[in-house]
Number of protein chains: 2
Amino acid sequence: MQPQGATPVRQAALVHGPMADELGFHLRRAQIAAFRHFAHAISAAEGITPGLYGMLQAIANNPGLSQSALAVAMDVDRSSIVKVVDQLEEKGLIVRDASPTDRRRYRLHMTVTGTQVLDRIEDAVMRQDRAFSARLDEAERATLIDFLKRLYQPDSEPPTLARE
Amino acid sequence: MQPQGATPVRQAALVHGPMADELGFHLRRAQIAAFRHFAHAISAAEGITPGLYGMLQAIANNPGLSQSALAVAMDVDRSSIVKVVDQLEEKGLIVRDASPTDRRRYRLHMTVTGTQVLDRIEDAVMRQDRAFSARLDEAERATLIDFLKRLYQPDSEPPTLARE
DNA sequence: TTAAATAGGTGGACTGGTCAACAATTTGAA
DNA sequence: TTCAAATTGTTGACCAGTCCACCTATTTAA
């Protein structure tokens, strides 16, 4: 799992050329750094990845949602959800609860231990997240989050963007 | 290709809970959005991913660097580099040039067509990147990049690098 | 001179995502 | 009412990207 950065060798920094001005480049690097930070602080101890953690939060905050809804929320294929839900269920954190009104569907929700575990992890994650952004003050952090949201939120946007 | 997010169904947005204040969460989403945007605009047409593009820029801007140095720069395992360099070489974009002073080592550099292709792609990438960040003005964009750098850059500061 | 370190490479494994197909079930249009 | 279409969860094949352990050739340094 651990992406485990490169060798400890101190290397002369490379020239980046035009990428130095590309937002996507910095975004990617920051995300990789964040992932590693999370892996270090959380995954190692709890055996949970950022992705799993996100799923868990989604289920905890939206009890009873279906796997399809979860897939939409996580923006992945329905089939990808199956494995993840399997994992979380094996760990005893969530359960697939048969929907009484639609026999095709499961309602996902947390188990008691799942809730406990999430509470604990959540704490660690919050601390980890703060540590990761330690070089930003509160205002900067908030601004950064706002900017990021604007990048990915579909909202008010080029309306005539023919989607098919 | 179409990662095409969600079904066209308008879904009630999920509650995010404490993740709404987690930087890592927004970072991940923004990065995924950026990747998809790139895939749409560039990969489909040029058959090149953000990762490959980054490698290409690294080589173009640091001609003669070794595969190991590239691995360090890209922060991946040496063995991962092999396949990537294979791909770029197969596409005729770069060459492995045997080092005359160290027979273990290759010096990577662009071919003529590689340079041409990169120039073309670079243009598209710059436009794509601007389009992606269209909801930020110039100042905001610059601020965002600065914040991101602060997140991923190792200890305070680049020593004495006069390049750039 | 020889042990250790380094460069590039191979093969196996794992992760996380895609897509296509499928059965059971629900929905909706005729 | 009925039956075709859509939806839900699932499986299986596949792909890309990464890691690791190990290998050979070569260079470095003790």
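Every chain is numbered from 1 and lettered A, B, ... according to where its sequence line falls, protein lines coming before strand lines.
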In whole angstrom, give the distance that lies between atom [atom1] of [X] and atom [atom2] of [N].
X: B:R96; N: C:dG9; atom1: CZ; atom2: C1'; answer: 9 Å
X: B:D86; N: C:dG8; atom1: CG; atom2: C1'; answer: 11 Å
X: A:R78; N: C:dG16; atom1: CZ; atom2: C1'; answer: 18 Å
X: B:D77; N: C:dG12; atom1: CG; atom2: C1'; answer: 14 Å
X: B:Q87; N: D:dT18; atom1: CD; atom2: P; answer: 10 Å
X: B:F35; N: C:dG16; atom1: CZ; atom2: C1'; answer: 12 Å
X: B:D97; N: C:dG8; atom1: CG; atom2: C1'; answer: 15 Å
X: B:K83; N: C:dG9; atom1: NZ; atom2: C1'; answer: 11 Å

(message) Just so I know, are the side chains of B:T115 and B:L93 near enough to count as touching, which here means a heavy-atom distance under 4.5 Å?
(response)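 Side-chain contact under 4.5 Å: no.
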
(request) Locate the shortest heavy-atom distance separating A:I48 from A:I42; write the atom from each residue and the value. (result)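 Nearest heavy atoms, A:I48 then A:I42: CG2-CG2, 4.0 Å.
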
(message) Heavy atoms within less than 4.0 Å of DNA chain C: which residues of residues 102-111 of chain B have one? Give them sorted by number.
(response) B:R104, B:R105, B:Y106

(message) Students often get this wrong, so: under 4.0 angstrom with heavy atoms, is B:S99 touching a base, only sugar-phosphate, or nothing?
(response)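 Nothing, no heavy atom under 4.0 Å.
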
(message) For a quick check of understanding: with a heavy-atom distance under 4.0 Å over all strands, which category does B:S68 fall into, base, sugar-phosphate or nothing?
(response)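 If one applies the 4.0 Å heavy-atom cut-off, B:S68 turns out to touch the sugar-phosphate alone, with no base involved.
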
(message) Quiz question: by atom type and distance under 3.5 Å, do the side chains of A:T111 and A:T113 form a donor-acceptor pair?
(response)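 The answer is yes; a qualifying pair exists.
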
(request) Consider only side-chain N and O atoms of A:Q57 and B:H16, and report whether a donor and an acceptor are under 3.5 Å apart. (result)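 Checked: A:Q57/B:H16 side chains show no N/O donor-acceptor pair below 3.5 Å.
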
(message) Just N and O in the side chain of B:Q67: are any of them under 4.0 Å from OP1 or OP2 of C:dT6?
(response) no

(message) With a 4.0 Å cutoff (strictly under), does any side-chain N or O of A:S79 reach OP1 or OP2 of C:dA21?
(response) no

(request) From the options D:dC19, C:dG9, C:dT18, select the nucleotide whose nearest atom is closest to the side chain of B:V82. (result)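 It is C:dG9.
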
(request) Under the salt bridge (charged side-chain N to carboxylate O under 4.0 Å, His left out) rule, what do A:D21 and B:R141 come out as? Steps first, then yes or no, please. (result) CA-CA 10 Å; A:D21 190 44; B:R141 191 173 185 282; 3.5 Å; yes

(message) For A:Y53 and A:F38, take the angle between the two ring planes, folded into 0 to 90°, and tell me which bin it lands in: parallel under 30, tilted 30 to 60, perpendicular over 60.
(response)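 Ring orientation of A:Y53 relative to A:F38: tilted.
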
(request) Using the side chain to side chain donor-acceptor pair (under 3.5 Å) rule, pick out the option among B:R107, B:R78, B:R96 that qualifies with B:Q67. (result) B:R96

